[in-house]
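Residue numbers count from 1 along this sequence. Because the structure is predicted, anything quoted here is derived from the model rather than measured.
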Amino acid sequence: MSTDASTTTTTTTAAAAAQQRVREDVLLHHPPSHQSSRTLLVAVDPSSHSAAALAWAVANIVRPADDKIVLATVRPSVDLRGAYVGSLVVPGFKDADEALRKESHDLLLKLAKTLPAEKYNVHGVALRGDPREELLFAATDLNADILVVGSRGLGPLRRTLLGSVSDYLVRHAEIPVIVARDD
């Protein structure tokens, strides 16, 4: 399995680092002769709900010979706006962002290893920011055909107070969204 990461950002000033849209493509594995007819974007995080959503997608909708599976994880932004003194960066902020970046890449690699390389065309995308907005952006940017997300099983009150990424995506995505429950 090979790993190749590249970063695309939409702004360039260091002071706006917290506002940058970051998409790091992580090549996980794909069969050499694989031509994809569909792109399935599967939102992942370290939770069991996320793992269950990926397992559900593989068991129920993935066509190994035809589909490209894109695993997408969204890490939080580290707010660097207050971390600058003149042209110096306060120690620790860049380290925190790098630690979150490494965690997101490690998660993608771990989940990709659960899918046999000779059978599945799997890519990974590490994003940074608000999961709702970044997953919508990734779905459009990658021309995804289907978006699969897990459900944390929040009750109506907690969902109203905390918000739900899956509810937001169902309401705003321009492609079908499947919310896989971990029962």
Side-chain angles (χ1 to χ4, degrees), residues 1 3 5 21-30 36 38-64 67-78 96-117 119-183:
M1 177 163 55
T3 304
R21 171 159 277 139
V22 173
R23 178 181 137 194
E24 298 157 347
D25 296 319
V26 180
L27 177 61
L28 302 173
H29 55 72
H30 58 89
S36 301
R38 290 191 311 178
T39 298
L40 281 67
L41 181 62
V42 181
V44 297
D45 62 28
S47 73
S48 63
H49 308 290
S50 169
L54 175 59
W56 184 90
V58 169
N60 293 285
I61 61 171
V62 171
R63 298 183 304 229
D67 293 340
K68 174 168 73 170
I69 303 168
V70 179
L71 305 177
T73 185
V74 183
R75 68 181 183 269
S77 293
V78 175
D97 188 55
E98 183 56 31
L100 291 169
R101 180 183 178 277
K102 182 177 178 344
E103 280 180 28
S104 67
H105 286 234
D106 290 347
L107 174 65
L108 293 171
L109 293 169
K110 175 185 164 190
L111 292 172
K113 286 180 183 177
T114 67
L115 303 171
K119 185 174 181 182
Y120 295 101
N121 179 2
V122 182
H123 294 262
V125 177
L127 306 162
R128 182 176 68 190
D130 179 332
R132 296 170 291 219
E133 295 299 324
E134 295 305 317
L135 290 169
L136 283 179
F137 169 75
T140 301
D141 192 45
L142 298 166
N143 294 316
D145 297 294
I146 299 171
L147 174 57
V148 179
V149 295
S151 172
R152 291 186 298 166
L154 297 177
L157 179 60
R158 288 184 69 203
R159 186 171 40 250
T160 300
L161 294 174
L162 299 175
S164 166
V165 172
S166 58
D167 280 351
Y168 183 87
L169 294 171
V170 165
R171 287 177 178 36
H172 294 92
E174 296 180 7
I175 60 173
V177 177
I178 297 173
V179 181
R181 293 199 49 145
D182 181 17
D183 291 327

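Residues forming a side-chain contact (heavy atoms from CB on, under 4.5 Å) with Thr73 (at least two apart in sequence, or on another chain): Val44, Ser104, Leu107, Leu108, Ala126. Judged as a salt bridge (Lys or Arg N to Asp or Glu O under 4.0 Å), and not counting sequence neighbours, the contacts of Lys102 are Asp106.
Taking CZ from Arg38 and CG from Asp67, the interatomic distance works out to 4.0 Å, rounded to the nearest 0.5 Å. One finds the CG atom of Leu169 at 9.0 Å from the CG atom of Leu41 (value rounded to the nearest 0.5 Å). Rounded to the nearest 0.5 angstrom, Ser151 OG and Ile178 CD1 are separated by 13.5 Å. Taken to the nearest 0.5 Å, the NZ atom of Lys68 stands 14.5 Å off from the CZ atom of Arg63.
With contacts defined as side-chain heavy-atom distances shorter than 4.5 Å, the pair Ile146/Ile61 qualifies. The closest side-chain heavy-atom distance from Glu134 to Arg128 is not below 4.5 Å. At least one side-chain heavy atom of Leu135 sits under 4.5 Å from a side-chain heavy atom of Val74.
Under the 3.5 Å distance criterion, the side-chain polar atoms of Asp45 are matched with a main-chain donor or acceptor of Ser47. No donor-acceptor pair closer than 3.5 Å links the side chain of Asp145 to the backbone N or O of Leu40. Here the side chain of His123 pairs no donor or acceptor atom with the backbone of Val70 at under 3.5 angstrom. Listed for the Thr140 side chain is a donor-acceptor partner under 3.5 Å among the backbone atoms of Leu136. Within the 3.5 Å criterion, the main-chain N or O of Trp56 finds a donor-acceptor partner in the side chain of Asn60.
Residues Ile175 and Ala144 share a closest heavy-atom pair of CG2-O, 3.4 Å. Considering every non-hydrogen atom in both Ala53 and Val148, the closest pair reads O-CG1, 3.9 Å. Smallest separation of non-hydrogen atoms from Pro131 and Val165: CB-CG2, 4.1 Å. Between Ser166 and Val179, the closest heavy-atom pair is CB-CG2, 3.9 Å. Heavy atoms only, all atoms of each residue included: Ala57 and Val42 are closest at CB-CG2, 4.5 Å. For the pair Val58 and Val62, the tightest heavy-atom approach, listed with the atom from each and the gap, is CA-CG2, 3.7 Å.
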Practice prompt. Determine, step by step, whether Val149 and Val177 satisfy the side-chain contact (heavy atoms from CB on, under 4.5 Å) criterion, reporting the C-alpha distance in whole Å, the side-chain angles of both residues, the deciding distance to 0.1 Å, and the verdict.
Written response: CA-CA 7 Å; Val149 295; Val177 177; 4.2 Å; yes
